Novice: 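Have a look at the structure that comes next, please.
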There are 2 protein chains.
Amino acid sequence: MYSTDFTKRLLTYRLSLTHLKKVGLNDVYSHLLAGETSHSASLIRKDLSRLQVKGKRRGGYDIDTILQAINAYFGNKERDRIILAGMGNIGKAIIQNKDFEKHNIQIIASFDLNPAIQRKKFSIPVFPMEKCREIVVNYKIDVAILAVPAFSAQSVCDQLIQCGIRGILNFAPVNLKVPDNVYVSNVRLVDELQQVIYHTKQKRKHGEYS
Amino acid sequence: MYSTDFTKRLLTYRLSLTHLKKVGLNDVYSHLLAGETSHSASLIRKDLSRLQVKGKRRGGYDIDTILQAINAYFGNKERDRIILAGMGNIGKAIIQNKDFEKHNIQIIASFDLNPAIQRKKFSIPVFPMEKCREIVVNYKIDVAILAVPAFSAQSVCDQLIQCGIRGILNFAPVNLKVPDNVYVSNVRLVDELQQVIYHTKQKRKHGEYS
DNA sequence: TCGAATTTGTTCAATTGATCACAATAATTA
DNA sequence: TAATTATTGTGATCAATTGAACAAATTCGA
């Protein structure tokens with residue numbers, strides 16, 4: 001299986017390529033894409049080669065061909081349906097984000113422990129956790145976004161897995177414990193920011209300009 | 001300079017260690033921390049060695065010592081002050097998040113192009129972009145969170161840099177172009193989710209259980 | 001049509017990063 | 001106290017990933 005870095009780079013390429021296409025280009029050179037994505041040209045060529053995308057020598061690569069290959073890699077034929085656990089600030093921000101729809105990802109339902117929130121109206125239905133199994137099973141859901149407070153994250157995570165969830169995007173600042181047939185990816189906003197702060201300070205110290 | 005992976009791991013360790021401490025532990029073995037963080041025990045020992053944290057042979061490591069070393073590594077003496085650009089869904093979710101405060105990061109001001117939003121009351125003041133330079137200079141701000149829509153991301157980014165910002169945490173689905181004395185880290189929610197979906201499917205195919 | 005210029009595709013080398021393995025050391029038990 | 005067990009700390013090895021370099025191919029211009 002390919003490394004997660006490879007997979008991540010593909011999404012970076014896709015972002016730049018859709019942009020370049022919008023700007024009016026039909027072809028790219030590896031150098032051009034390198035400038036856009038800050039990956040080296042030779043690495044890009046290697047990645048495209050792994051995707052079995054052929055370029056024309058001296059002619060560059062056809063953008064649509066690359067985009068199709070990337071989408072095929074992610075299996076973007078069918079629409080992916082997922083659920084959301086936690087309707088706090090982050091949860092709300094997520095369901096209001098239109099980008100998921102654009103990429104054929106649909107959040108079909110949300111869960112929250114708080115009955116007051118269950119009663120409020122959102123763009124998607126909000127259920128109590130007890131409803132989780134029913135929905136996961138009926139709609140054959142594999143993936144969940146976990147956006148609950150830290151103190152309940154592990155417990156909600158366990159419930160999700162119990163219901164059949166096999167992939168989790170976790171926003172809670174917790175290192176979840178899961179069986180190894182479950183895939184977890186963490187988005188830790190504080191950590192991300194702390195890293196930016198750290199590396200910014202480092203650049204000031206060691207950077208070429210200072 | 002150390003790799004970003006190392007820096008990221010330290011924050012993972014910190015998360016588990018504060019948890020373990022809360023649970024009542026004073027010491028950890030590298031194996032234990034390995035189980036919590038899903039990094040190998042030997043890698044953890046190497047990392048701690050790089051941090052110049054000494055353990056006791058057969059006695060493990062003192063949790064507080066590690067935590068102090070990690071915090072020292074990130075220079076957590078002084079409070080870090082940053083700004084936020086964009087008061088949409090993500091921006092609002094960020095200022096409502098209490099975790100930043102807990103880690104001594106203070107968001108001192110926010111900026112938004114929309115005058116209606118500027119007039120609303122939030123926990124921090126919201127200014128028009130024209131005020132940016134004044135605040136960045138007066139308060140000596142280095143780092144900004146960029147949470148504006150994709151179409152204006154590059155332009156706002158340019159303005160931030162123009163005002164003196166040197167580190168950016170970017171939430172817009174755009175590959176920003178910045179001079180190389182500026183550090184950028186991207187949080188791409190759609191990409192993160194797409195990766196989870198992809199790897200979850202892969203696990204179903206190739207995983208040990210299936 | 002021929003040559004020059006340019007870009008891909010791929011091999012090779014080198015660096016980096018992680019794991020392995022084990023010596024050193026400390027604690028525990030008999 | 002001596003033997004045994006458990007854990008750190010690190011040198012050596014192994015693997016993976018990236019970058020460099022160059023041959024092959026295509027286009028363009030003269």
Side-chain angles (χ1 to χ4, degrees), chain A residues 1-13 16-17 20 25-70 73 175 180 195 198-199 202 206, chain B residues 1-13 16-17 20 25-70 73 175 180 195 198-199 202 206:
Chain A
M1 213 211 293
Y2 288 138
S3 79
T4 69
D5 282 352
F6 172 68
T7 306
K8 185 180 276 186
R9 283 198 301 274
L10 292 186
L11 294 170
T12 307
Y13 300 156
S16 286
L17 291 170
L20 293 174
L25 293 187
N26 293 316
D27 304 277
V28 270
Y29 304 133
S30 56
H31 301 90
L32 176 57
L33 196 50
E36 295 286 319
T37 60
S38 66
H39 290 117
S40 78
S42 73
L43 180 55
I44 289 173
R45 291 201 297 277
K46 220 170 236 172
D47 285 342
L48 293 178
S49 167
R50 282 217 272 184
L51 270 185
Q52 295 179 314
V53 169
K54 305 282 178 206
K56 283 182 196 162
R57 304 208 183 212
R58 186 168 174 150
Y61 298 88
D62 179 62
I63 291 182
D64 282 327
T65 307
I66 304 178
L67 286 174
Q68 279 166 29
I70 293 176
Y73 179 87
N175 289 321
D180 59 354
Q195 282 185 82
Y198 175 77
H199 288 296
Q202 291 305 309
H206 305 295
Chain B
M1 216 211 293
Y2 288 136
S3 79
T4 70
D5 282 351
F6 172 67
T7 305
K8 185 181 277 186
R9 284 198 301 274
L10 291 187
L11 293 170
T12 307
Y13 300 156
S16 285
L17 290 170
L20 292 174
L25 293 188
N26 293 316
D27 304 276
V28 271
Y29 304 134
S30 55
H31 301 89
L32 177 56
L33 196 49
E36 295 286 319
T37 60
S38 66
H39 290 117
S40 77
S42 69
L43 180 55
I44 289 173
R45 291 200 298 276
K46 271 236 169 85
D47 284 343
L48 293 179
S49 166
R50 284 218 270 183
L51 270 184
Q52 295 179 313
V53 169
K54 305 283 178 207
K56 283 181 197 161
R57 306 212 179 206
R58 184 158 178 162
Y61 298 87
D62 179 62
I63 291 182
D64 283 326
T65 307
I66 304 179
L67 286 174
Q68 279 166 30
I70 293 176
Y73 180 86
N175 289 323
D180 59 355
Q195 283 186 80
Y198 174 77
H199 289 295
Q202 292 304 309
H206 305 294

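Predicted model only: the values in this text are computed from it and were never measured. In what follows, chains are A, B, ... by sequence order, proteins preceding strands, each numbered from 1.
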Novice: Nearest 0.5 Å please: distance from the OG1 atom of B/T12 over to the CG atom of B/D5.
Specialist: 10.0 Å
Novice: For B/R45 and C/dA21, give me the distance from atom CZ to atom C1', rounded to whole Å.
Specialist: 10 Å
Novice: How close or far is atom C1' of D/dT18 from atom CG of A/D5, stated in whole angstroms?
Specialist: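 It works out to 11 Å between those atoms.
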Novice: Determine: side-chain N/O of A/S30 to OP1/OP2 of C/dT8, distance under 4.0 Å, yes or no.
Specialist: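 Yes, such a contact exists.
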Novice: In whole angstrom, give the distance that lies between atom CD1 of B/I66 and atom C1' of D/dT8.
Specialist: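 From B/I66 CD1 to D/dT8 C1': 12 Å.
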Novice: To the nearest Å, give me how far apart CG (B/D27) and P (D/dT8) are.
Specialist: 10 Å
Novice: Is B/S3 near enough to C/dT16 that one of its side-chain N or O atoms lies under 4.0 angstrom from OP1 or OP2?
Specialist: no
Novice: Distance check needed: D/dT7 C1' versus B/Y29 OH, whole Å only.
Specialist: 8 Å
Novice: Using whole Å, what does the distance between atom C1' of nucleotide D/dT10 and atom CG of B/D47 come to?
Specialist: 14 Å
Novice: Mind checking A/R9 for me? I need base, sugar-phosphate or nothing, with any heavy atom below 4.0 Å counting as a touch.
Specialist: sugar-phosphate
Novice: Does B/S40 put a side-chain nitrogen or oxygen below 4.0 Å from OP1 or OP2 of C/dT19?
Specialist: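 For B/S40, the contact criterion (side-chain N or O under 4.0 Å from OP1 or OP2 of C/dT19) is met.
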Novice: Over how many whole Å does the gap from B/L33 atom CG to D/dT8 atom P extend?
Specialist: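 It works out to 10 Å between those atoms.
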Novice: With DNA chain D as reference, determine whether B/S49 or A/K56 sits nearer its 5' end, using the nearest nucleotide of each.
Specialist: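 Mapping each residue to its closest nucleotide by heavy atoms, the 5'-most match is B/S49.
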Novice: Give a yes/no answer on whether the side chain of A/Y61 brings an N or O atom under 4.0 Å of OP1 or OP2 in C/dT7.
Specialist: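 False: A/Y61 side-chain N/O out of range (4.0 Å or more) of C/dT7 OP1/OP2.
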Novice: Stepwise, does the side-chain contact (heavy atoms from CB on, under 4.5 Å) test hold for A/D47 with A/L43?
Specialist: CA-CA 6 Å; A/D47 285 342; A/L43 180 55; 4.1 Å; yes
Novice: Nearest heavy atom decides the nucleotide; on that basis, is A/L48 or A/R58 closer to the 5' end of DNA chain C?
Specialist: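 Upstream on the strand: A/R58.
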Novice: Is the gap between the ring centers of A/Y73 and A/F6 under 6.0 Å?
Specialist: yes
Novice: Classify the nucleic acid contact of B/K46 as base, sugar-phosphate or nothing, counting any heavy atom under 4.0 Å across all strands shown.
Specialist: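 Base contact.
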Novice: What closest approach, in Å, do B/D62 and B/N26 show between heavy atoms, and which atom pair accounts for it?
Specialist: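 Closest approach of B/D62 to B/N26, heavy atoms only: OD1-O, 3.4 Å.
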Novice: Return the value, rounded to whole Å, for the distance between atom CZ of B/R57 and atom C1' of D/dT10.
Specialist: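 Whole-Å distance recorded here is 9 Å.
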Novice: About how many Å separate CG of A/L20 and CG of A/L33, when rounded to the nearest 0.5 Å?
Specialist: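 It comes to 7.0 Å.
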